[in-house]
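Protein chains get the first letters and strands the later ones, always in sequence-line order, with residue 1 at the start of each. All of these numbers come straight from a predicted model, not from anything done at the bench.
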Amino acid sequence: MKANPNYFNQILKIRMMNRIIFILILCTSTLAIGQNVLIKNGTVLTVTKGTLAETDVLITNGKIAQIAKNIRKEANYSEIDATGLYVMPGIIDAHSHIALDVVNEATSPVTAEVNVGDALNPLDVSIYRALAGGVTISHAMHGSANAIGGQCKTIKHRFGEINPDNLRMQGAPRTIKFALGENPIRTHGEGSKIVPNTRMGVEQVFRNAFSDAKIYAKEWDDYKNGLRKSSPEYNLRHETISDILKGNILIHCHSYRADEILMLMRVLKDFGVSKVCFQHVNEGFKVAPELAAFGASASVFSDWWAYKFEVYYSTAYNAAILTRNGVVTSINSDSDELIRHLYHEAAKTQRYGDLSDDEALALITINPAKQLGIEKMAGSIDVGKDGDIAIFKGHPLSVYAIPQMTLVDGAIRFDINKDPDDMRLDINPSEKFSSFYETEKSQENNGCLQDVSEMLMQESYAKYMRFRYSKNHSH
Amino acid sequence: MVKFYFRALVGIIFLLTPERSFLQNSDAPKSLGNTYFIKNCFVVQKPGIVLSGQNVLIKDGFISDISPSSKPPFDAQIIQADSMYVYAGFIDGFSNIGISKPESKDRPKLPDPGNPPNDLAGITPQNSSLDSYKSSDKSVSDMRSAGFVISNVAPRGLMLPGQCNLILLGDESADKLLVKAKTGQTFQLESNRGIYPATIIGVMAKFREIYKNASFAGNHEAKYKANPSGLMRPDFSRELMAMYPVTTQKMPLFFVAQKTKDVHKALSLKEELGFDLILTEVKQGWHYIDKIKKTNTRVLLSLDLPEIEKKKAKSETAKDSLSTKKDSVSTKELEKVEKNPEKEAFDVKKEQSIKEYLSQAALFEKQGILFGFSFLNVKPSDIKNNIRTLIENGLSEDAALAALTTNPAQILGINNVSGTVEKGKIANLIITDKPYFNEKSAVKYTFVDGRKYEYQEKKKQENKPTEAGKFIGTWTYTVEVPGSVQKGKMVITKSAGEYMIKVFDNSSPGEEDVANNISVNENSVTFNIIADMGQPVKVDFDLKFAEKAYSGSVSVGEFGTFPIKGEYESEPKLF
């Protein structure tokens with residue numbers, strides 16, 4: 001059969017129209033972030049309260065209103081037929097760098113005052129790709145270049161919104177990034193020849209920063225109580241760290257080795273901080289009882305190690321061992337590629353550790369919700385929680401699972417049957433057509449050490465590298 | 001009588017001796033008096049009001065009279081302006097006109113990049129554009145010939161480069177031509193990589209801290225002044241005291257916010273901190289029109305417009321004129337051969353995006369927002385074409401004229417002395433031979449502060465065959481970039497009266513870059529190429545040719561300006 005070019009052109013035109021319409025729909029959906037929808041007749045994996053077969057989930061104004069069989073559909077509700085499909089809570093990724101224009105303010109070992117929330121990028125197509133993997137919430141984090149990094153933001157994947165404020169998850173607690181080990185040492189000790197250049201240096205950075213913040217807080221208290229006539233200098237860095245000491249900001253600490261994990265817990269105990277979530281924590285299995293005793297939680301990779309010397313001693317049983325020892329454990333991606341199949345990563349704990357279905361699903365739903373302080377709003381299918389749902393063909397922990405639809409606050413943000421080729425929301429007028437592989441950044445430029453290598457380069461070359469690898473950059 | 005003839009004779013001598021004007025580095029001969037009578041012209045008093053058959057009298061730098069039947073005073077120079085149009089001189093809302101680009105320097109190595117001195121971090125709000133402005137800079141006369149009479153000049157720099165000043169675009173020193181000092185502070189989302197703050201999150205955090213501390217410092221100073229007894233003597237910080245008026249809303253903040261996320265940052269910071277915001281150089285601001293209207297935020301739109309590629313015509317001529325490449329089959333050729341449906345779909349999307357950028361001004365007009373223009377990255381010679389592009393995409397001529405005159409006058413607070421052609425205002429006028437927005441109109445005269453600048457029509461280069469011959473050939477080039485030296489060749493040919501320049505980089509054999517916007521003027525040649533550095537980057541060449549060699553500068557997008565030189569090698573050869 002000869003290919004008729006006109007035929008293909010017509011198909012293309014229809015697809016283009018569909019794409020334009022779909023994107024227009026997405027854009028106009030900014031009017032109502034919370035929607036009304038009835039998901040009918042699916043196998044509902046609540047994660048916290050068991051599995052319910054052939055059950056409906058009713059979402060009103062973006063919140064789960066009812067979970068029961070045969071719920072009657074009201075007039076202004078849309079309907080999703082989930083017969084034969086699995087309905088689980090939207091997946092939560094506790095360690096991610098998508099939707100950010102900047103990841104590392106790598107010029108100082110302590111940068112608590114910066115906030116990645118100032119660099120939110122709702123136009124990042126990685127958000128859509130994450131939705132296609134069933135992920136509805138991610139923890140957009142500062143990188144690991146600094147011992148005390150910047151504040152992070154818990155975001156909802158409301159892809160289609162242009163205003164960065166609409167990505168923020170209202171009510172999510174403040175979080176901040178700490179980092180132990182080789183990354184801050186390489187960036188500052190080797191890079192700028194300043195403290196820290198060793199692990200003991202990293203410990204001192206924390207102690208000094210906390211002590212300075214305590215002195216600063218006392219100065220301001222004295223001023224407020226009238227013991228000082230003129231105000232002290234306002235220092236946003238010290239302000240933020242004293243908020244940490246008061247327990248108002250949750251610490252998420254990038255760490256690998258058991259010795260440094262224990263070190264941080266000692267430091268936090270000395271300064272009266274009780275909540276911490278360790279990230280990566282590849283040697284967590286060595287100190288699982290100590291983590292549990294402190295009340296620390298852990299967010300790990302399923303089976304990623306040996307890319308650096310400090311990540312040498314690792315095991316695929318890490319998540320299972322931590323779980324069995326009573327540590328609240330989650331599995332994260334730290335990657336815009338891995339975030340697309342977190343359900344498979346969670347499934348690996350069934351092979352390596354024999355976790356049950358609900359235990360494995362908890363690793364990517366209710367547990368990361370607890371670590372981010374949002375367990376009352378998300379992480380399970382429960383009345384009153386946000387309508388964040390991922391619908392799968394095949395059980396999510398099965399190797400045959402394929403995400404079908406992902407809802408955030410009841411709004412369908414991904415539908416496999418309406419999935420145009422080019423989902424970009426914003427095309428730069430000077431953008432060149434190029435394949436995915438040409439524009440994809442290298443691994444280093446896409447994870448925890450993004451923006452750092454430029455700091456160590458010549459200015460002109462750094463500008464070039466930034467320009468070369470920028471996506472949706474302000475030009 | 002004799003006096004008048006003597007003056008006329010001297011005037012004629014001045015006009016006929018071009019070396020004179022060359023010496024003064026401006027287009028204005030020394031004025032013999034400052035009274036002018038513009039006879040029988042159309043006066044576009046303000047957008048929408050055109051008066052015909054008027055005579056305009058300029059005296060002592062002011063618009064002294066506008067009437068249809070007045071007689072010229074005896075000492076006035078008469079300008080026959082039959083069927084010419086007189087507009088209020090255009091006002092540039094924000095730019096770096098008159099301040100030359102600094103040389104690209106490599107980042108200094110600091111022992112503690114986390115605690116740099118303020119000037120390296122780009123925090124210099126105490127600086128003023130008056131310190132670096134030079135009226136002899138070429139950009140000033142270029143703006144003047146484009147019809148601009150006043151510029152709100154901001155200093156160049158990083159995040160807080162300093163205070164802007166409203167300067168008349170005349171020849172004298174800035175101090176003599178100051179319309180309004182300290183019109184506002186400048187804030188840009190720019191940083192010095194490798195020095196804190198290096199990224200936008202650092203810049204935002206630092207800005208908040210400076211703002212708060214400026215507020216405290218100013219309040220402390222005020223308290224101390226009122227009653228110093230018992231109070232600690234305030235530490236004086238130049239930076240903080242320069243920012244203090246912004247925190248009390250006595251001075252506005254010009255926030256350079258080009259894309260949609262930048263505009264969002266500006267509006268969020270305004271909501272958070274409460275300063276008087278003027279959105280500047282807005283390229284993609286239409287997502288926030290509602291918020292702009294609600295908060296009555298003043299806006300300066302950018303005239304740095306994206307170009308819709310006219311690729312098809314170019315690729316055809318390239319095929320015809322170039323002999324076949326022997327070995328290397330570049331990917332570009334492969335793409336030309338196969339039809340790529342993905343690329344076609346992408347091209348549709350891209351064109352749609354460009355259309356949105358080009359219709360932004362029309363959208364702002366429709367929503368009733370009075371905006372001006374800022375001129376950070378646009379060549380004065382492109383301004384009129386870009387405005388015409390905006391008009392083609394829905395902006396009305398009246399709104400365009402308002403954006404050049406009455407709106408910026410209001411935004412900058414000078415509408416009582418400038419912005420319209422009315423009696424009593426400063427004589428800042430332009431005279432065009434046809435209505436300004438016509439394609440073929442030209443600015444004939446510009447009056448800055450009552451001083452006349454005259455513009456002749458540029459003669460076409462074809463009339464001088466000997467000069468034309470001197471550019472044609474194959475030239476080598478050497479560009480010094482920090483860290484390396486780029487070499488290559490340039491082939492300049494001419495066919496059918498049009499120049500064609502192709503640039504060949506030694507490090508990418510088989511590839512060529514074709515020049516756009518070639519402009520030849522006596523010895524100087526300017527053009528630009530779109531280089532592929534992973535993303536397209538506009539590279540501007542500004543070259544001065546001698547007999548067998550040339551030198552000049554190359555501007556690579558935002559990376560800086562580098563020196564280039566080269567020599568004549570041979571007749572034009574193709575590679």
Legend entry - For A:Y234, ring-ring contact (aromatic ring centres under 6.0 Å, His included) partners two or more places apart: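 Testing A:Y234 for ring-ring contact (aromatic ring centres under 6.0 Å, His included), a comparison that skips the adjacent residues, returns none.
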Legend entry - For chain B, the option from A:N163, A:L120, A:N235, A:V116 that forms the most heavy-atom pairs under 4.5 Å: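 Option with the greatest count: A:N163.
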Legend entry - B:S353 (side chain) donor-acceptor with A:I427 (main chain) under 3.5 angstrom: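 Yes; judged by distance alone, with no hydrogens or angles, the pair exists.
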Inset, instruction - Report yes or no: does A:E113 contribute a side-chain atom to a donor-acceptor pair with the main-chain N or O of B:K206 at less than 3.5 Å? - result: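 Side chain of A:E113 to backbone of B:K206, a donor-acceptor pair under 3.5 Å: no, none is there.
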Under a 4.5 Å heavy-atom cut-off, does chain A meet the side chain of [X], its backbone, both or neither?
X	value
B:Y224	neither
B:P116	neither
B:Q284	side chain
B:Y196	both

Legend entry - Heavy-atom side-chain contact between A:I162 and B:T260 under 4.5 Å: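 In short, these two side chains touch, coming nearer than 4.5 Å.
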Inset, instruction - Using non-hydrogen atoms and a 4.5 Å limit, figure out which bit of A:N115 sits close to chain B: side chain, backbone, both or neither. - result: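 Backbone only.
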Legend entry - Under 4.5 Å from a heavy atom of chain B, the part of A:L236 involved: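 Both backbone and side chain.
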Nearest-0.5 Å distance that lies between atom [atom1] in [X] and atom [atom2] in [Y]:
X	Y	atom1	atom2	value
B:I354	A:S430	CD1	OG	8.5 Å
B:S237	A:E233	OG	CD	9.0 Å
B:M232	A:S231	CE	OG	9.0 Å
B:R208	A:E239	CZ	CD	13.0 Å

Legend entry - Exercise: identify the closest heavy-atom pair between B:A198 and A:T107: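 Result for this residue pair: CB-CG2, 3.6 Å.
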Inset, instruction - Work out which heavy atom in B:K349 is nearest to a heavy atom in A:R424; give both atom names and the distance. - result: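 Taking every non-hydrogen atom into account, NZ-O, 2.8 Å.
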Inset, instruction - Say whether B:H264 and A:D165, considering side chains only, have a donor N or O and an acceptor N or O under 3.5 Å apart. - result: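 Looking only at side-chain atoms, A:D165 and B:H264 do form a donor-acceptor pair, the distance falling under 3.5 Å.
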Inset, instruction - State whether a side-chain donor-acceptor pair under 3.5 Å links A:N428 with B:K259. - result: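 There is such a pair between these side chains.
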Inset, instruction - Apply side chain to side chain donor-acceptor pair (under 3.5 Å) to B:N386 and list each qualifying residue two or more places apart in sequence or on a separate chain. - result: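 B:N386 satisfies side chain to side chain donor-acceptor pair (under 3.5 Å) with no residue once adjacent residues are dropped.
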Legend entry - Salt-bridge present (A:D118, B:K261; N to O < 4.0 Å):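 Here A:D118 does not pair with B:K261 in a salt bridge, since their nearest N and O are not under 4.0 Å apart.
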Legend entry - Residue, of B:D112, B:I201, B:I200, that accumulates the most heavy atom pairs under 4.5 Å with chain A: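 The option with the most such pairs is B:I201.
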